[in-house]
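One structure is given below, encoded as structure tokens.
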Amino acid sequence: MAKLKLEYIWLDGYEPVANLRGKTKIADGDPSTFSLEDCDLWGFDGSSTMQAEGGSSDCFLKPVACYPDSTRRNGFLVMCEVLNPDLTPHPSNGRATILDDEGAWFGFEQEYFLFQDGRPLGWPDSGYPNPQGEYYTGVGYKAVGDLARTIVEEHLDICIDAGINHEGINAEVAKGQWEFQIFGKGSKNCADQMHVARYILQRCCEKYGVDVEYHCKPFTGDWNGSGMHCNFSTEYMRTVGGKEYFEALMAAFEKNREEHIAVYGPDNDMRLTGLHETQSIDQFSYGVADRGASIRVPHSFVNNGYKGYLEDRRPNSQGDPYKIAARVLQTIDEVPKA
Ligand code: ADP
Ligand code: MN
Ligand code: MN
Ligand code: MN
């Protein structure tokens with residue numbers, strides 16, 4: 001038996017962007033066998049997180065995923081859903097709105113800026129760095145500065161230790177902008193991992209006096225915004241698919257354009273302008289290998305007889321992957337299968 005440090009993590013009730021919250025529960029257990037099943041229901045003061053009134057402040061935390069935390073002795077990161085006192089899902093609980101589907105696979109690409117003293121890392125104190133061009137996948141102090149890579153590498157290692165399924169990382173188009181990609185099987189799994197990866201990133205930045213800026217367009221002008229492309233597939237899309245089904249799917253995405261945009265992150269009109277590898281917010285389009293489309297169809301999809309995954313490029317970096325996954329699966333669910 002050891003004293004385990006369980007970091008219970010949840011999304012608060014702030015609008016339009018929920019914050020990650022966490023508090024530590026000490027429990028007795030064997031760290032070598034400890035798992036989600038060993039995590040008890042817990043609670044918190046919802047009146048301090050915009051999730052309850054002071055007079056009836058209790059909210060419950062229902063553990064839904066558990067990851068080892070290599071930064072703490074006997075530590076675990078426990079992602080939670082927020083429940084009302086009667087154990088029904090709290091209105092802020094986007095995860096509870098995702099259709100259960102083990103055959104649904106998601107890959108999210110999180111873009112973000114690292115900020116210090118109100119400026120992206122590596123930017124001069126006033127004015128702007130050199131125009132975009134050399135930074136994307138760049139190497140060298142001029143391209144990426146010094147501190148950023150330290151943080152990015154540390155974040156990656158902690159995530160890999162946690163069993164989070166990173167698929168890659170890269171420096172992005174704007175200076176101080178980075179990306180990581182996570183892939184997961186199951187309708188809720190990738191979004192769980194994404195929230196925990198965000199939590200780890202923010203925590204890892206604390207000691208450097210750095211913050212993560214998730215806003216989708218921190219700078220107007222000729223600076224890329226930040227997205228969170230949502231790559232998705234269902235078992236039917238991967239194994240049956242076909243051109244007719246694909247076209248019906250795209251028609252449903254077009255019909256539900258506004259419903260999708262509503263959960264794809266705030267201020268997206270600043271980012272989805274038709275420039276900087278985006279389609280404008282009031283248009284819907286798809287195209288093979290088209291990074292200026294709302295939905296990019298990979299070459300492999302067409303070559304395999306319209307089977308495989310698609311990339312919705314519209315979700316932004318502040319979007320809640322729970323709400324994004326829920327909306328994507330809801331639209332797919334509206335389309336009849338052959
Ligand atoms: P790009 O930047 O060119 O859009 P990335 O390599 O950054 O491409 O991201 C592609 C994403 O697609 C990865 O996150 C990957 O996990 C995801 N992906 C690959 N195959 C599938 C699939 N069958 N279903 C869902 N997502 C997938
Ligand atoms: Mn990418
Ligand atoms: Mn990118
Ligand atoms: Mn992409």
Side-chain angles (χ1 to χ4, degrees), residues 98 101-114 132-133 135-138 144 148 152 156 159-160 164-194 197-198 213-214 216-218 223-241 245-246 249 253 264-265 268 271-272 275-279 286-319 321 324-325 327-329 331-332:
I98 305 175
D101 181 356
E102 282 310 304
W105 298 356
F106 285 96
F108 288 110
E109 306 169 50
Q110 174 78 62
E111 294 177 336
Y112 61 96
F113 282 83
L114 292 173
Q132 293 186 160
Y135 307 124
Y136 170 73
T137 61
V144 296
V152 165
L156 179 62
C159 285
I160 288 174
I164 288 176
N165 193 32
H166 272 245
E167 292 223 313
I169 59 173
N170 59 273
E172 265 302 337
V173 174
K175 189 167 196 179
Q177 189 187 31
W178 292 81
E179 167 175 320
F180 58 91
Q181 305 108 32
I182 295 178
F183 174 77
K185 295 182 177 180
S187 54
K188 303 177 182 181
N189 173 18
C190 190
D192 286 336
Q193 296 188 58
M194 179 54 72
R198 285 177 173 180
E213 177 55 70
Y214 292 107
C216 71
K217 198 75 182 179
W223 297 100
N224 271 36
S226 298
M228 189 174 60
H229 299 165
C230 171
N231 301 272
F232 61 93
S233 64
T234 59
E235 187 172 357
Y236 190 85
M237 286 169 66
R238 293 188 303 272
T239 59
V240 184
Y245 179 72
F246 166 72
L249 203 57
F253 271 77
Y264 280 3
N268 224 356
R271 165 179 166 262
L272 300 178
L275 300 172
H276 302 112
E277 303 175 45
T278 68
Q279 173 58 284
Y286 58 88
V288 177
D290 186 355
R291 287 168 195 273
S294 316
I295 291 195
R296 177 176 66 92
V297 184
H299 279 297
S300 61
F301 187 88
V302 177
N303 294 341
N304 292 334
Y306 289 81
K307 287 203 283 278
Y309 76 97
L310 298 169
E311 177 188 43
D312 194 332
R313 300 177 59 79
R314 297 169 296 170
N316 80 32
S317 41
Q318 274 185 317
I324 296 165
R327 184 61 242 184
V328 165
L329 292 179
T331 296
I332 293 175

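Read the numbers this way: they start at 1 and go in the same order the structure lists the ligands and their atoms. Predicted, not measured: the structure shown is a model, and the values here were computed from it. Residues: numbered from 1 along the sequence shown.
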Worksheet item: Which protein heavy atom lies closest to atom 11 (C) of ligand 1, and at what distance to 0.1 Å?
Response: Asn231 ND2, 3.2 Å
Worksheet, complete the sentence: Sorted by chain and residue number, the side-chain contact (heavy atoms from CB on, under 4.5 Å) partners of Val297 (sequence neighbours excluded) come out as Phe246, Tyr286, Val288, Phe301, Val302, Leu310
Worksheet item: Out of Lys307, Arg291, Glu311, whose heavy atom is nearest to atom 3 (O) of ligand 1?
Response: Arg291
Discussion item. For atom 24 (N) of ligand 1, what is the closest protein heavy atom, and at what distance to 0.1 Å?
Written reply: Ser233 OG, 2.8 Å
Worksheet entry | Minimum-distance atom from the Mn ion (ligand 3) among N, O or S atoms of Glu172 | OE2
Discussion item. Any nitrogen or oxygen of Arg313 lying under 3.5 Å from a nitrogen or oxygen in ligand 1? Just yes or no.
Written reply: no
Worksheet item: Who's the nearest protein heavy-atom neighbour of atom 25 (C) of ligand 1, and how far?
Response: Trp105 O, 3.5 Å
Practice prompt. Scan side-chain atoms only and decide if Gln132 and Asn224 contain a donor-acceptor pair under the 3.5 Å cut-off.
Written response: yes
Worksheet item: Is any side-chain heavy atom of Pro321 less than 4.5 Å from a side-chain heavy atom of Met194?
Response: yes
Worksheet item: N/O of Glu167 under 3.5 Å from N/O of ligand 1, yes or no?
Response: yes
Worksheet item: Counting each atom of ligand 1 from 1 as listed, which ones have a heavy atom of Glu179 under 4.0 Å away?
Response: 7 (O)
Discussion item. Can you tell me which portion of Tyr309 lies within the under-4.0 Å heavy-atom range of ligand 1? Options are side chain, backbone, both, or neither.
Written reply: side chain
Worksheet item: Does a donor on one side chain sit under 3.5 Å from an acceptor on the other, for Asp290 and Gln279?
Response: no
Discussion item. Are Arg238 and Trp105 packed together at the side-chain level, in the sense that at least one heavy-atom pair is separated by less than 4.5 angstrom?
Written reply: yes
Worksheet entry | Side-chain H-bond candidate by donor/acceptor type, Asn231 with Glu109, under 3.5 Å | yes
Worksheet item: Does some side-chain heavy atom of Tyr214 sit less than 4.5 Å from a side-chain heavy atom of Phe113?
Response: no
Discussion item. Main chain of Gly227, side chain of Glu111: is a donor-acceptor contact present, judged purely on distance under 3.5 Å?
Written reply: yes
Fill in: the Mn ion (ligand 2) - name of the N/O/S atom of Glu109 that sits closest to it
OE1
Worksheet entry | Atom nearest to the Mn ion (ligand 3) - Glu179, N, O or S atoms considered | OE1
Worksheet, complete the sentence: Per residue Glu111, nearest N, O or S atom to the Mn ion (ligand 3) is named OE2
Worksheet item: Looking at atom 1 (P) of ligand 1, what's its closest protein heavy atom, distance included?
Response: Glu109 OE1, 3.5 Å
Discussion item. Looking only at side-chain N and O atoms, does Ser226 offer a donor or acceptor that is under 3.5 Å from a partner on Gln177?
Written reply: yes
